Amino acid sequence: MKSLMKRYNPAEIEGKWQTQWDQADIFKAKRSTDKPKYYVLEMFPYPSGRIHIGHVRNYTMGDVITRYKIATGHNVLHPMGFDAFGMPAENAAMESGGHPKEWTYQNISDMVAQLKPLGFGLDWSRMFATCDPEYYGQQQALFLDMLEAGLVYRKNAVVNWDPVDMTVLANEQVIDGKGWRSGAEVERRELTQWFFKISDMAEDLRTALDTLENWPKKVRAMQENWIGKSRGLDFSFSIKNSQIPYKEINVYTTRPDTLLGASFVAISPDHPISKFLERNDANLAKFNAECRKLNTSEEALEKAEKRGFKTALNVQHPYHENWKLPVYVANFVLMDYGTGAIFGCPAHDQRDLDFARKYELPIISTFIPAKVEEPWMYPEDGGKAFVPPKSEQVKYIKALAGTDFQTGIEAVEAAIAHCEEHNIGKGVTRYRLRDWGLSRQRYWGCPIPVIYCKQCGVVPERKSNLPILLPDDVSFDSPGNPLDRHPSWRKTTCPICGNPAVRETDTMDTFVDSSWYFARFTAPRAKTPTNLEDVNYWMNVDQYIGGIEHAILHLLYSRFFARAMHITSHLPESCAEPFDALFTQGMVTHSIYQTKDAKGRSVYHLPEEVDLDKRIVKATGEVFEIIPSAKMSKSKKNVVDPTDIISKYGADTARWFILSDSPPERDVEWTAAGAEAAHKHLTRVWALSDQIARLEKHNSEQDDQALLEIMHKTIFDVTQGLESFGFNAAIAKLYAFTNALSKSKASKLIQRQAILILAQLMAPMTPHLSEEIWSMQGAEGLVIQTNWPQADEDFLVSNIITMPIQVNGKRRAEIQVERDLSVAQIEQNALSVEIIKKALNGTKPKKVIVVPGRIINVVI
RNA sequence: GGCGGUGUGGCGGAAUUGGUAGACGCGAACGACUCAAAAUCGUUUUCCAAUCGGAGUGCGGGUUCGAGUCCCGCCACCGCUACCA
């Protein structure tokens, strides 16, 4: 009887069940019409070489959904691959002298080896890396089709040059004027580059955001801001009486309704006119030089003084022949937004107002509040600039067009119409979104399949020659692109005339690789980019899961690619928005353990190096400080290695804990205590199963009904939790159910039923333990092959229910009533409760509210 | 400045979407077992009062029989973005 020698041993059971799932081909996805399909995808990892805990969280969520969807009768596709091109492989090659290819493939096999013990239900047969020639060759084919369809073009452009990575960056990859990866100050260079015509789709990409109901609001808002639509007027001020070779200054404004409040024109120091003038004006040259030095990326921008340099130029206001406006060169006008020139309307822009007061320029209000309640101080008289929301109705006192009372939006449209009618300017819609420059001067990327021929010009490579393979014999001993200096790789012949020609040596931005991999997973070995039968069946991705850091770049590019792939017949139109639902998970954080050295510098300690109870560093005995909840980083040493966690507690514990503590969209703090508690709980569940398996048959049945009720309630609650990403709440219900079961005195039959249901409900989170319990109880088959349990309505509401009684909305008592008791009866019962009688003190209640099955409220 | 989000015990967080606030877990305290410790099990744990009670979901108001949840006005913090014309 005393056989508690055995206990929960994940190391023993987890591998065993993984083998069983493999052998039964559970996760191998095949097209089939007898079940609804479900495609669940997590953003694929970069093969850095190590799985980190954030990956574990991401893939665990995907796996929970996968297993739940399988159990609820879906045909599930859940693939895994690697986003394998990119700079780190080249950097590693430069540092260690190896080859990016070897480094990458070694890392991939290391990471697969770390992923497998976690027991994720993945279809490994579909795995690919974007650096596989089979993948990037199809990407080249896709590129050629896009080129033919006019979605790719080549232009000479000023580009963002990262001087450290020695490559071009897309606008999206420049953050605060610095390279997104290197952090180096970005320079501007003029180069001939390949571009995707994403700006052509700006309007569609923007309006379609409204259809993405199952995307986080936040991501949609970020994309909308990025696309940056604005409506305004393009017009020009003509330059009066001047010798310079410029006759006018072009301006773009979103507030043409304030045109009659204009008091100056300001141009950027980099504006052609400014550049022209500085040649003959030493003072202006000096001013401009100072402005250029002031880095636009600095946070001091806010506080930076608004300075202007008054030129000798005057322009004519387009509305009145005799109305002259001075022209300033101003440090706050940016050359790369709009036209690099603005008109200033001090009354309705605080910055313009500050500028006007500084240089003693006129201040002219064009509108005032519709209803002036308090004393209204005009900007003219020292008040603040009046800048109401455009949707607010105001009173126009100098309207260019339209009525006296109108909203800003109405006034802008009226002003545009008026200006168009009088040939003053033209209404335009502008987008902040620019075309996506995809050329990178790197080796470890997908070669752009284009050839330059002296006779024929720019010639696409023949599809039959694809893939254009990267050469293996390259060196990384000097900076620049190894493809450029390769002795023979670029030499080829022209597909049209057959004469000697050279290849494009630029490779594609790695964001191209990740912009269509989700479609490739549906037919990863197809001889074309996609296979229509497969994309028609599997697409769209039903649930996509990943980090918020990809809210703009990756997700916007993917939406563009899906459209482009439809145009080039690689995807059906229904796939224009490829991700039906998106979930953005939070980070995994960990406390930092910090001490100071003799010089007061911070020294960080790994979690395993400290004694948390005694609050000292084990090796030295120093007292450490705890900095709570920071993003895990190697330099701060607040990292936990998933591999260590698995060897200590097993995969199920890691999976259970990572889901249990916080809602999945929020950051979760990894704590040793929490992981330990999770492990203890799983140990308890195992022991409970063991105990039930050895129960005597003849025991009391007194708790049967109560246990069945909580069991069905738990089925209901857990199902709801899994349906709505409420993993933490679902787990809490499972804890409660386990507690109830371990205290229950129900019959063996019912207890066994309960533990089997518990195993099924836990299976998405702790699949190995669930299988183990299933077999301990002698149940047939595998849990993963069973149908998800159904909550029985009859048990969800018991016959005797407890109803709280409130007095004036405050809970005072409760009564037990039969479920189908009439409202009148409930009221009568409630009023006869001693506490309520006392509260009434013999008087009649004003009102009694009875919500059947919920609550009684007695109003006195 | 703009956009988005969040605010509930010592901590992470629940709350069927207007119906018993604090589920579940961590931490803490006490107890049982033990020579002892670990492990395990049990009890308590929002605050004030310690008896009846009273207060309570960032703050102020409102709607309602009833508000963490809805409305109006503030405050604080976080994220993204921006001299955006």
Side-chain angles (χ1 to χ4, degrees), chain A residues 4 7 175-176 216-222 224-226 228 230 232-233 251-256 258 265-266 268 294 296 298-304 306 330-334 336-345 349-352 355 387 389 430 432 548-549 551-552 628-629 657 660-663 665-669 671-678 680-681 683-684 687 713 716-717 720-721 726 728-739 742-743 796 802-814 845-851 853-860:
Chain A
L4 271 167
R7 52 185 318 234
I175 293 143
D176 275 350
K217 230 192 200 166
K218 184 182 188 172
V219 174
R220 284 150 62 188
M222 282 165 79
E224 174 141 21
N225 289 342
W226 187 261
S230 67
L233 181 77
V251 170
Y252 169 73
T253 179
T254 55
R255 294 308 298 254
T258 66
V265 168
S268 165
L294 190 77
T296 49
E298 281 178 36
E299 297 137 27
L301 220 54
E302 183 89 5
K303 288 157 237 153
K306 309 299 180 239
N331 63 348
F332 57 86
V333 182
L334 304 176
D336 44 8
Y337 190 82
T339 60
I342 63 160
F343 76 81
C345 177
D349 183 302
Q350 190 59 43
R351 187 190 57 202
D352 290 350
F355 191 85
V387 195
R430 277 182 193 257
R432 193 172 159 277
I548 187 75
E549 66 274 20
I552 298 171
S629 275
F657 174 61
S660 66
D661 250 23
S662 296
E665 68 276 14
R666 270 196 236 173
D667 290 354
V668 61
E669 163 103 3
T671 61
E676 194 127 339
K680 275 184 197 168
H681 179 72
T683 304
R684 251 193 314 269
K713 187 80 173 68
F716 181 84
D717 288 339
Q720 205 175 44
N728 56 327
I731 284 175
K733 302 290 184 190
L734 288 167
Y735 267 102
F737 180 37
T738 307
N739 292 343
S742 71
K743 281 179 191 154
L796 292 182
T802 304
M803 288 181 76
I805 309 171
Q806 298 179 327
V807 175
N808 291 341
K810 276 278 170 198
R811 182 183 168 279
R812 280 296 120 99
E814 55 182 42
K846 275 194 200 144
K847 207 177 189 182
V848 178
I849 307 242
V850 176
V851 185
R854 292 216 188 258
I855 207 160
I856 305 150
N857 191 10
V858 181
V859 186
I860 298 176

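No experiment lies behind these values; they were computed from the predicted model shown. Below, read A as the first sequence line, B as the second, and so on, with proteins coming before strands; counting in each chain starts at 1. Computed over heavy atoms, backbone and side chain alike; hydrogens, waters and symmetry mates excluded.
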side-chain N/O A:R684 vs B:C41 OP1/OP2, d < 4.0 Å: yes

Sugar-phosphate only, base, or nothing, as touched by A:V848 at under 4.0 Å among non-hydrogen atoms: nothing

Sugar-phosphate, base or nothing in reach of A:S660, heavy atoms under 4.0 Å: nothing

Considering all heavy atoms, the nearest A:Y252-A:S230 contact: OH-OG, 2.6 Å

Proximity to the side chain of A:K810 - top-ranked nucleotide from B:A15, B:C65, B:G56: B:G56

P-based separation of B:C84 from B:C74 [nearest Å]: 24 Å

Residue-phosphate contact under 4.0 Å: A:N739 side-chain N/O, B:G25 OP1/OP2: yes

Per A:N225 side chain, nearest of listed nucleotides B:G7, B:C3, B:G19: B:C3

Separation of atom CD1 in A:I342 from atom C1' in B:C83, rounded to whole Å: 9 Å

Donor-acceptor pair, side chain of A:S268 and main chain of A:V333, under 3.5 angstrom: yes

Touch class at under 4.0 angstrom, heavy-atom based, for A:K680 against every strand present: sugar-phosphate

Nucleotide of B:G79, B:C83, B:C84 approaching A:Y337 most closely (side-chain heavy atoms): B:C84

Rounded distance in Å between the P positions of B:A38 and B:C47: 27 Å

Under 3.5 Å side-chain donor-acceptor pair for A:S660 and A:Y735: no

Presence of A:R854 side-chain N/O under 4.0 Å of B:C65 phosphate oxygens OP1/OP2: no

Nearest-angstrom distance from the residue atom CD1 of A:I856 to P of B:G19: 16 Å

Sugar-phosphate, base or nothing in reach of A:V859, heavy atoms under 4.0 Å: sugar-phosphate

Out of B:G54, B:U20, B:G79, whichever nucleotide has its closest atom nearest the side chain of A:R812: B:G54

Nearest-Å distance once atom C1' is located in both B:C71 and B:A82: 32 Å

C1' spacing across the pair B:A14 / B:A21, given as an integer number of angstrom: 10 Å

C1' gap between B:A15 and B:A67, integer Å: 13 Å

Steps toward side chain to side chain contact (heavy atoms under 4.5 Å, CB included) verdict (A:D661, A:E669): CA-CA 8 Å; A:D661 250 23; A:E669 163 103 3; over 6 Å; no

Minimum-distance nucleotide (side-chain atoms of A:M222 versus B:C80, B:G12, B:A85): B:C80

Toward the 5' end of RNA chain B, by each residue's nearest nucleotide, A:S742 or A:T339: A:S742

Distance in angstrom units between A:Q350 CD and B:G1 P, rounded: 11 Å

Between B:U16 and B:U20 - P atom distance, rounded Å: 9 Å

Pairwise P distance, B:C72 and B:C3 [rounded to whole Å]: 16 Å

Closest to side chain of A:I849, choosing from B:U6, B:G25, B:C65: B:C65

Nearest to side-chain heavy atoms of A:N728, which nucleotide of B:C84, B:G13, B:C80: B:G13

Closest nucleotide among B:G12, B:U20, B:G79 to the A:Q806 side chain: B:U20

Pairwise P distance for B:G42 and B:C26, with rounding to whole Å: 12 Å

Nucleotide nearest A:A736 when distance is taken to its side chain, options B:G25, B:C24, B:G54: B:C24

Touch class at under 4.0 angstrom, heavy-atom based, for A:P216 against every strand present: nothing

Side-chain N or O of A:R432 closer than 4.0 Å to phosphate OP1/OP2 of B:A82: yes

Gap separating the CZ atom of A:R255 from the CG atom of A:D349, nearest 0.5 angstrom: 10.0 Å

A:T253 side chain, from C-beta outward: closest of B:G66, B:C26, B:A85: B:A85

Dot-bracket line, read 5' to 3' along RNA chain B, where crossing pairs take [ ] and | marks a partner on another strand, Watson-Crick or G-U under 3.5 Å: (((((((..(((......[....)))((((((.......))))))(((....)))..(((((..]....))))))))))))....

Under-4.0 Å side-chain N/O to phosphate OP1/OP2 contact, A:R666 with B:G13: yes

Phosphate contact (B:G4 OP1 or OP2) by A:K217 side-chain N/O below 4.0 Å: no

Residue pair A:D352 / A:G344: nearest heavy atoms and the distance that separates them: OD2-CA, 3.3 Å

Quiz item: A:Y735 side-chain donor-acceptor pair to B:C24 base, under 3.5 Å: no

Side-chain-base donor-acceptor pair under 3.5 Å for A:K306 and B:C83: yes

